[in-house]
Protein chains: 2
Amino acid sequence: MRVKGQIRRGRRAEYSATTKRALVEVARELFTEQGYAGTSLDAIVAGADVTKGALYHHFAGKQALFEAVFEKVEQHASRAIHDRIKNEKDPWEKARAGLRAFLEVVRDPTYRRVVIQDGPAVLGYERFREQEERSTYANVLVIVTSVLSTGEWDLEPAMQRTFATIFFGAMSAAGESVSLAEDPEAAGDRVEAAIGIILDGLQALTSAR
Amino acid sequence: MRVKGQIRRGRRAEYSATTKRALVEVARELFTEQGYAGTSLDAIVAGADVTKGALYHHFAGKQALFEAVFEKVEQHASRAIHDRIKNEKDPWEKARAGLRAFLEVVRDPTYRRVVIQDGPAVLGYERFREQEERSTYANVLVIVTSVLSTGEWDLEPAMQRTFATIFFGAMSAAGESVSLAEDPEAAGDRVEAAIGIILDGLQALTSAR
DNA sequence: GGGTTCACATACCATCAGTACGTACTTACG
DNA sequence: CGTAAGTACGTACTGATGGTATGTGAACCC
């Protein structure tokens, strides 16, 4: 059963997928505007022009729907960052490029609300980290690992992960403050400068010995 | 109307204060165990052995009660950290002492759940920051300011706040990962070592010039 | 083309935050 | 000392909301 080289999934399957996407998309918008707690399932299904039967057919519940939204947002952000650092060869340049990319990502209201603000509370911290592990945090870990390989530190993996966690937390907090500042442009520059100084310090340690 | 040199507030006022403290205390326990969303007001008033009438007499609502709990927890944490850094004279030593103190504070399940996990989502990020501003974050800012004064950086206040935000975020994330690690002891040591290296780097920058 | 399955829709339930109102005790005042 | 007023609750209720049980019609398979 093939059409134009693609596997024909049947009308029913396509309609189903469309409904599911619509639910996730509407949920994403409402979660962004009103937060998780402030968004009712009734509002979501009304926006997607379906009923709760459809929602509970596709998702186990409100939290599962949120997680689907969360995953999509993270995936988008992760890809944006990855695209910006994959071509940088020098580890230190890669770090600075990644930082700039993240500061752009965090300006997206959806990312802030869904991932940073509501994410930990709704998913629980363990599940939150579990999701981060394969998206934005993964990018940070790659960068940190590559930076730490420049010196003669030879840190064990656990230590590399500790550094990644620290930088990830720093960037999240910084990103949040940037997008909430009255002058996000200037605030972003300050963050870039501050982390730049920290990186300079680490760089100084490697060249010193 | 005085008793033992204290102003006598009357029995009713004392009973009232006792009821209020009981509500906050029970709420603190339940919020810690089951989170904000998972805790019902019925459970809180039952635990405090009062009714919802009492709760709504003392607090505007569930969120206001949470904020009272939040404030108390933050106050306790902030004081614990302050006590540990006030005697340290050398800025760098003060920073390391503050870090160690924070890593202890963050091991308290109540602090993690109420302040780090639920805080931002329940209070909203702006109100969350507003509260932090005069508690734990204030401590970090003091440390950062004193550390930055050692070099010839001469950074503007906005930049100092940026550094404080960065370190505060780093420590929050690190603290969370520490308390969730299978070996919190070792994880704490790693965090201390990692931030120590970052501080070393900054220190190297000052002595280099 | 007839039975089966899937993708929903409908109707309903239980929980819970919040409100309206009543009440007993206490304080202030004469 | 007595009474009016206010405070600190208790009781009873409502609306909103997440979740469930069940029905149904169209698409799929043989």
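Residue numbers start from 1 in every chain, and the chains themselves are labelled A, B, ... in the order their sequence lines are given, proteins ahead of strands.
- When the P atom of C/dC16 is taken as reference, atom CG of B/L30 falls 12 Å away, rounded to whole Å.
- The pair A/R129-A/E126 does not count as a salt bridge, with every side-chain nitrogen at least 4.0 angstrom from each carboxylate oxygen.
- Between the B/K62 side chain and the B/T39 main chain, a donor and an acceptor come within less than 3.5 Å of each other.
- Atoms CD (A/E14) and C1' (D/dC28) sit 14 Å apart, rounded to a whole Å.
- Within the nucleic acid shown, A/T18 has no heavy atom closer than 4.0 Å to any nucleic acid atom.
- A donor and an acceptor atom never sit less than 3.5 Å apart when one is taken from the side chain of A/K52 and the other from the base of C/dA9.
- Residue A/S16 is in sugar-phosphate contact alone, with no base atom involved, counting any heavy-atom pair closer than 4.0 Å across all strands shown.
- Side-chain atoms of A/Y56 lie closest to D/dG18 of the nucleotides C/dA17, D/dG18, C/dA9.
- For A/R107 and A/E104, the salt-bridge test fails: no basic side-chain N is under 4.0 Å from an acidic carboxylate O.
- When heavy atoms are screened at a 4.0 angstrom cut-off, B/G53 is found touching base atoms of the nucleic acid.
- The separation between B/Q63 atom CD and C/dA17 atom P is 13 Å, rounded to whole Å.
- When rounded to the nearest whole Å, the span between CG of A/D42 and P of C/dT10 equals 13 Å.
- In this structure, B/F59 atom CZ and D/dC9 atom C1' are separated by 14 Å, rounded to whole Å.
- Rounded to an integer number of Å, the gap from A/L41 CG to C/dC12 P is 20 Å.
- With sequence neighbours excluded, the residues that form a ring pair (Phe, Tyr, Trp, His ring centres under 6.0 Å) with A/F70 are A/F128.
- Applying the 4.0 Å criterion to OP1 and OP2 of C/dC8, one finds that A/T19 has a side-chain N or O inside that range.
- Atom NE2 of B/H57 is separated from atom P of D/dT11 by 16 Å (rounded to the nearest Å).
- Side chain of B/H58, nearest nucleotide from C/dT10, C/dA17, D/dC9: D/dC9.
- Looking at A/R28 and A/D118, no side-chain N of the basic residue comes within less than 4.0 Å of a carboxylate O on the acidic one, giving no salt bridge.
- Counting to the nearest Å, the P atom of C/dA9 and the OH atom of A/Y15 are 14 Å from each other.
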